[in-house]
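First the structure, in the form of structure tokens, and then the observations on it.
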Amino acid sequence: RWVLSLRCRGSRNLMSALRRAVEVDFKDKDKHRSQGLYLLTTGIPDQETHAISAYVAEVCRGFDLQLHVCLFSVMEDVDSNGIISGRYANPTETATAFKEIVEVANGRFHWFGEAGIFESDDIIVIMSEMEKANDYSQKCAFLVESLKQRS
């Protein structure tokens with residue numbers, strides 16, 4: 001269910017956007033079976049990671065709620081409106097911060113840019129399933145071969 005679209009309007013005030021989403025759309029938590037928040041972002045939030053993580057952990061415990069993050073890395077430090085963020089972090093530091101936030105929210109993290117996908121929890125799961133399938137296939141082939149040799 002898509003409920004709310006939030007823009008930080010020239011800043012990366014993630015805490016304010018999260019509070020607004022939770023207070024407006026999740027106040028009647030008993031009416032909702034499962035909810036997810038999807039954050040599409042290009043940079044690190046204005047607030048410190050530990051503060052956002054603590055808030056998200058508290059909110060996710062109170063609701064059946066997950067926060068998922070899609071980080072799009074851009075090469076410039078200025079957004080499309082020419083606004084420089086109040087807090088700076090390089091792309092790797094930004095990804096690390098969002099992975100920490102997503103972890104406490106039981107969500108998923110996806111990091112991509114103009115060059116393609118850098119990291120994605122979904123792709124990691126798919127690759128793991130493919131490796132398991134390949135392993136099972138090899139075991140089955142070995143079993144079939146050993147049965148052929150017996151007969």
Side-chain angles (χ1 to χ4, degrees), residues 1-140:
R1 182 175 155 226
W2 292 90
V3 180
L4 183 64
S5 172
L6 298 174
R7 286 194 57 177
C8 295
R9 301 192 191 276
S11 74
R12 293 192 178 128
N13 190 345
L14 179 58
M15 190 71 83
S16 174
L18 287 172
R19 282 188 179 130
R20 182 170 171 212
V22 171
E23 290 170 7
V24 170
D25 291 314
F26 299 105
K27 62 184 174 185
D28 297 322
K29 67 179 181 179
D30 297 333
K31 295 180 182 178
H32 306 291
R33 288 193 182 109
S34 179
Q35 296 290 333
L37 292 176
Y38 294 83
L39 173 64
L40 309 175
T41 186
T42 58
I44 195 146
D46 289 342
Q47 298 80 23
E48 294 293 327
T49 303
H50 64 86
I52 295 172
S53 292
Y55 177 74
V56 167
E58 179 182 330
V59 168
C60 289
R61 271 193 297 269
F63 299 108
D64 184 14
L65 176 66
Q66 296 174 328
L67 173 64
H68 309 288
V69 173
C70 295
L71 172 62
F72 182 78
S73 286
V74 291
M75 296 304 150
E76 300 176 11
D77 296 331
V78 178
D79 75 4
S80 61
N81 296 323
I83 298 169
I84 300 173
S85 175
R87 189 166 167 238
Y88 175 78
N90 68 39
T92 303
E93 293 167 337
T94 302
T96 300
F98 279 117
K99 283 195 289 189
E100 179 183 321
I101 293 166
V102 164
E103 186 176 312
V104 301
N106 297 317
R108 296 187 322 267
F109 176 72
H110 310 286
W111 179 21
F112 60 101
E114 296 164 345
I117 298 169
F118 301 122
E119 183 176 336
S120 171
D121 289 345
D122 290 347
I123 291 176
I124 290 169
V125 169
I126 290 169
M127 293 298 293
S128 173
E129 290 296 317
M130 290 171 61
E131 288 171 6
K132 285 180 192 175
N134 185 46
D135 185 50
Y136 290 137
S137 176
Q138 289 176 353
K139 288 177 181 176
C140 288

For residues Leu71 and Gly43, report the shortest heavy-atom separation together with the two atoms involved. CD1-N, 4.0 Å

Any chance CD1 of Ile124 has more than 12 other-residue heavy atoms, nucleotides or ligands included, within less than 6.0 Å? yes

How would you list all residue pairs meeting side chain to side chain donor-acceptor pair (under 3.5 Å) that involve residues 118-129, not counting sequence neighbours? Lys99-Glu119, Arg108-Asp122, His110-Ser120

Just to verify, what does Glu93 make a side-chain contact (heavy atoms from CB on, under 4.5 Å) with, not counting sequence neighbours? Ala89, Asn90

Closest approach of Gly113 to Phe118 (non-hydrogen atoms, all atoms of both residues): N-CE1, 3.6 Å

How long is the straight-line distance from CZ of Phe72 back to CZ of Phe112, given to the nearest 0.5 Å? 6.0 Å

Enter the distance from Phe109:CZ to Thr96:OG1 here, rounded to the nearest 0.5 Å. 8.0 Å

Inter-residue atom distance Ser53.OG - Gln47.CD, 0.5 Å rounding: 11.5 Å

Would you give the length of the straight line joining atom CZ of Phe98 to atom CG of Leu39, rounded to the nearest 0.5 angstrom? 5.0 Å

Side-chain contact test, heavy atoms from C-beta onward, threshold under 4.5 Å: evaluate it for Lys132 versus Asn134 and give yes or no. no

Min side-chain heavy-atom separation Thr92-Trp111 under 4.5 Å: yes

Going from NE2 on His68 to CD1 on Ile101, what distance comes out if it is rounded to the nearest 0.5 angstrom? 14.5 Å

Distance from Leu18 atom CG to Ile52 atom CD1, nearest 0.5 Å? 7.0 Å

Who pairs with Asn106 by side-chain contact (heavy atoms from CB on, under 4.5 Å), at least two apart in sequence or on another chain? Gln66

Glu131 and Asp135, any side-chain heavy atoms less than 4.5 Å apart: no

